Amino acid sequence: MNTSDNFFERVYEVARLIPYGRVTSYGEIAKYLGAARSARMVGWAMNNSHAQTLEVPAHRVVNKQGLLTGKHHFQGTNVMQQLLENEGIIIKNNQIQDLETVLWIPSQELS
DNA sequence: ACCATGACGTTTC
DNA sequence: CGAAACGCCATGG
């Protein structure tokens, strides 16, 4: 659990670094971690994020399309959308508008 | 070691 | 433009 959690822990770490009013994609996180092909694992880690002591802003993590694919895993059906909209992000039909504006790339911001 | 699953991503029809 | 298929990789049984 400890050694393998390292991968997940990295995901949670980056997820918490997402600034307010910004979002990122699983692929970008995976890429930042050096596993660009492991975008699915990022989602898997998010699934286990609830097991983490510190809460992870998983609602700020969406797919490359800016689609709230993971909203189904939240408490309700539109909780994830409400949280993002509360941060000033506009969402239409589970899809983030002006994604390029709100998209936050760790490898770019964190260099 | 093999098979099945998954909050993704890209390519193809 | 929309849907489906394939690829990719880690975890669990």
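In this text the structure is predicted, and so the values were computed from the model without any measurement.
Taking the side chain as every heavy atom from C-beta outward, A:Asn63 and A:Ser25 never approach each other to under 4.5 Å. Side-chain contact between A:Lys71 and A:Val79 is absent, with no heavy-atom pair separated by less than 4.5 Å. For the pair A:Val23/A:Ile18, no side-chain contact is recorded, criterion being any heavy-atom separation below 4.5 Å from C-beta on.
Summarising the geometry, the separation between NE2 on A:His73 and P on B:dT5 is reported as 15 Å, rounded to the nearest angstrom. When rounded to the nearest whole Å, the span between CG of A:Leu67 and P of C:dA3 equals 11 Å. One interatomic measurement links the two molecules: CG of A:Asn94 to P of B:dA7, which rounds to 15 Å at whole-angstrom precision. Rounded to whole Å, atom C1' of C:dA10 lies 13 Å from atom CG of A:Leu33. When the C1' atom of B:dC8 is taken as reference, atom CG of A:Leu68 falls 14 Å away, rounded to whole Å. Rounded to whole Å, the distance from CG on A:Asn93 to C1' on C:dG2 is 13 Å.
Sorted by first and then second residue, the side chain to side chain donor-acceptor pair (under 3.5 Å) pairs involving residues 72-81 of chain A (not counting sequence neighbours) are A:Gln81-A:Glu85. Pairs engaging residues 22-32 of chain A under the salt bridge (Lys or Arg N to Asp or Glu O under 4.0 Å) rule: none recorded [sequence neighbours left out].
Across A:His59 and A:Val62, no two heavy atoms sit closer than the pair O-CG1, 4.5 Å.
Side-chain atoms of A:Tyr12 do not come within 3.5 Å of backbone N or O of A:Gln52 as any donor-acceptor pair. At least one donor-acceptor pair under 3.5 Å links the side chain of A:Thr24 to the backbone N or O of A:Trp104.
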Under 4.0 Å protein heavy-atom contact, by nucleotide of nucleotides 4-9 of chain C - B base, S sugar-phosphate only: ---BBB
Between the protein and nucleotides 9-11 of chain B, list every N/O to N/O distance that falls short of 3.5 Å.
unit_1	atom_1	unit_2	atom_2	d
B:dG9	OP1	A:Gly27	N	3.2
B:dG9	OP1	A:Lys64	N	3.2
B:dG9	OP2	A:Lys64	N	2.7

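A 6.0 Å sphere centred on CZ of A:Arg16 holds more than 12 heavy atoms belonging to other residues, nucleotides or ligands. No more than 12 heavy atoms of other residues, nucleotides or ligands sit less than 6.0 Å from atom CD1 of A:Ile90. No more than 12 heavy atoms of other residues, nucleotides or ligands lie within 6.0 Å of CD in A:Glu55, so this atom counts as exposed by the packing criterion.
Residue contacts for A:Ala45: at a heavy-atom cut-off of 4.0 Å it reaches no nucleic acid atom on any strand shown.
Atom CE of A:Met80 and atom CG of A:Asn94 lie 9.5 Å apart (nearest 0.5 Å). For the atom pair A:Tyr26 OH and A:Ser38 OG, the distance stands at 15.0 Å (nearest 0.5 Å).
Stem list for DNA chain C (at least 3 consecutive Watson-Crick or G-U pairs, distances under 3.5 Å): B:2-6 with C:9-13, B:8-13 with C:2-7.
DNA chain B is contacted by no residue of residues 75-90 of chain A, taking any non-hydrogen atom closer than 4.0 Å.
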